[in-house]
Amino acid sequence: MFSSQLWQLIKVQLLYVNPQNTKKARDNGKTGRQLFQALIQQYITVGVIFTVMFGFLLLTINFAHHPAMFTSMVGLFSIIGLSQSVNTINNVFFESKDLKDYLPLPFNQWAIYLAKFSVIAMTILPTALPVWLLFMITGVQSGHPIPFGFTVGTLLFVVYYILLFLVCTIVVFSFAQTKFFQRHEKMMTFVLNVVSMLAMGVAILVINTTDDQLGMAGAIPGLLQMQQILINPLGKTSLITMAVMVIAIICLILVMQKWLLPRMLVIDASAGKPVRRKPRRPHRNGGMDRQFIRYNLGLLKNPTLLTQSFSMTMFPLFFIFVSLFLNGGISLANLTAKYAGAMFVAGVGVSFMTINTGSVISVFISLERENLSFIRSLPIDFKHYLSLKFKLIVGIQTIVLIILAVVFGIFAKMVWLNIIGLILGVAWGNILSSAFCFTRDWQLLDLNWTNVTQLFNRGSGNFMIGIIMLGVLVAGGIVVGIYMGLLSSYPALIINPIATVLVVVASGLAVRHYLNYWRNMKIN
């Protein structure tokens, strides 16, 4: 009876883990048993991808002789597991709001909780599988027979994973119950998702780094003892460490049983009751423009929108440049101030790569849904409203790009005049690229979407994003290379004015085109 209830509850909780995947499977005609099989298959696929992708990289390093690399990898994947658990716990426990619905039903309370925690553990597991490989590889590299190394690595992984799961659960539950998280729930979810992606990128970069100094740097205390378990499983330090981990697991289970779960029942039982909120002060001198700005900022409070946009635009760019200048050791310190113009052109190219059909501005009008018709019915200048939307999102993107340009310039050891050229380039390129994306959104306007992914998939979808990024990377690299080559061979006083004229003419034609388009466009 208990096992039957548990299995049925697990299948129900799978629907809550990732609502986007659930909806996508249903849209593909999956129902009942096929739906659950499709959801489970996705986790298996993610686990296989993680295992294969990181497995080959892990085999290139001798972790038995590089304790710092060992502890860095365990720490990075633990961070990924923590950030991954945030979204899952939020969806399964808080967004589902189903605990109170089970109370009048003949369900065992422990079956309900066990089902929820089983699904959470299933979600975190794929991101933790590289640690399992790391443990087994380290055990074998220590000189133990392969079966013995695999066995010790697997046993340590089981203990590590249970401990990681309990820590993640307690930390996330405790954090989610704070007023700060409840006030900024969507933004915090987005931030933690970004942390997860960045941690994965850093993990790949660290694995690819073969610098001996990094390999022999200080190891992380606590995680270093895990390496000792794999190297000398029967040693005194190893046995003490394993005993401490088991005792910690028992203590955390008691904390969950005596403190965490009872609080969850109380919190969920109060769900739906009116919550007293501190009244907001009225905004003085708040005209329609300020009201519209606050409204449009609210449209951006969508973690799925921000995460998907970041993963398709900022993250690939971050990964490429960090690989080149941190892992590749490339430096631009030798470029003098005469190359500021080339840095401007490079900045324009960076903006074209980043602000593309996968960025927020490419869906900003469609995010309005049915509200757009209401706003069009108001006695206001609708073109002025669209102009306000455009300026708002361009301003936000400009701030982000300028911060990235400054950080990049510092890491690349560029002189300040070249950094200023890069900043001006990303700012101007942002305006040009945003004009294209904003206009495209209006031309492909969709107000009946149910998932943000539908908006990004308009036109050629991810294929177009990849083509734009690759095309700009190749073409921009060629143009910047030719520009820098000319500056090296001819006087800058001749090359820079010619380049300035070309940029001004090309930019002027683009600006004129979009200004004419919006000026002549009939709104109604």
Side-chain angles (χ1 to χ4, degrees), residues 46-85 121 124-168 199-200 202-253:
V46 172
V48 171
I49 292 174
F50 262 74
T51 304
V52 173
M53 180 175 65
F54 287 101
F56 286 110
L57 295 174
L58 292 172
L59 286 171
T60 62
I61 300 173
N62 190 332
F63 290 100
H65 294 87
H66 291 80
M69 292 291 290
F70 177 88
T71 57
S72 297
M73 288 299 99
V74 176
L76 284 169
F77 286 112
S78 298
I79 293 173
I80 294 173
L82 175 61
S83 55
Q84 179 70 21
S85 65
I124 303 174
L125 181 60
T127 60
L129 285 177
V131 179
W132 177 46
L133 286 176
L134 174 61
F135 287 170
M136 292 193 298
I137 291 171
T138 304
V140 174
Q141 290 174 343
S142 301
H144 302 302
I146 293 180
F148 184 78
F150 280 12
T151 302
V152 174
T154 302
L155 290 176
L156 178 59
F157 174 75
V158 171
V159 176
Y160 158 83
Y161 182 67
I162 294 174
L163 187 60
L164 173 67
F165 169 73
L166 292 173
V167 170
C168 288
M200 283 187 279
V202 172
I204 296 175
L205 291 176
V206 172
I207 292 174
N208 282 329
T209 301
T210 57
D211 189 275
D212 293 336
Q213 185 177 357
L214 177 62
M216 297 307 295
I220 302 174
L223 300 181
L224 181 61
Q225 282 69 24
M226 291 187 182
Q227 188 202 37
Q228 294 304 311
I229 294 176
L230 298 169
I231 295 175
N232 185 15
L234 301 179
K236 181 179 178 180
T237 302
S238 301
L239 295 176
I240 293 175
T241 302
M242 186 63 76
V244 170
M245 293 176 68
V246 172
I247 293 173
I249 289 174
I250 295 173
C251 293
L252 292 175
I253 290 175

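Quick caveat, the model's predicted, so the values are computed rather than measured.
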Nearest non-hydrogen partners of [X] and [Y], listed with the distance:
| X | Y | answer |
| --- | --- | --- |
| F165 | A121 | CE1-N, 3.8 Å |
| N232 | H144 | N-NE2, 4.5 Å |
| L163 | A248 | CD1-CB, 4.0 Å |
| V74 | S78 | O-OG, 2.7 Å |
| T241 | T237 | OG1-O, 2.7 Å |

Check: [Y] main-chain N/O paired with [X] side-chain donor or acceptor under 3.5 Å:
| X | Y | result |
| --- | --- | --- |
| H65 | S142 | no |
| Y161 | A128 | no |
| H66 | N62 | yes |
| S238 | Q228 | yes |
| T71 | L223 | no |

Task: Student check: side-chain heavy atoms of T154 and W132 closer than 4.5 Å - done: yes
Open item on the list: Could you tell me if the side chain of M136 sits less than 4.5 Å from the side chain of V140, heavy atoms only?
Closed with: no
When rounded to the nearest 0.5 angstrom, what is the spacing between [atom1] in [X] and [atom2] in [Y]?
| X | Y | atom1 | atom2 | answer |
| --- | --- | --- | --- | --- |
| I249 | L164 | CD1 | CG | 10.5 Å |
| M242 | I240 | CE | CD1 | 13.0 Å |
| L252 | I162 | CG | CD1 | 11.5 Å |
| Q141 | L134 | CD | CG | 8.5 Å |
| M226 | M245 | CE | CE | 4.0 Å |
| I229 | L224 | CD1 | CG | 10.5 Å |

Task: Aromatic plane relationship, F70 with F63 - under 30° parallel, 30 to 60° tilted, over 60° perpendicular - done: perpendicular
Open item on the list: Can you classify the ring geometry of F157 versus Y160 as parallel (below 30°), tilted (30 to 60°) or perpendicular (above 60°)?
Closed with: tilted
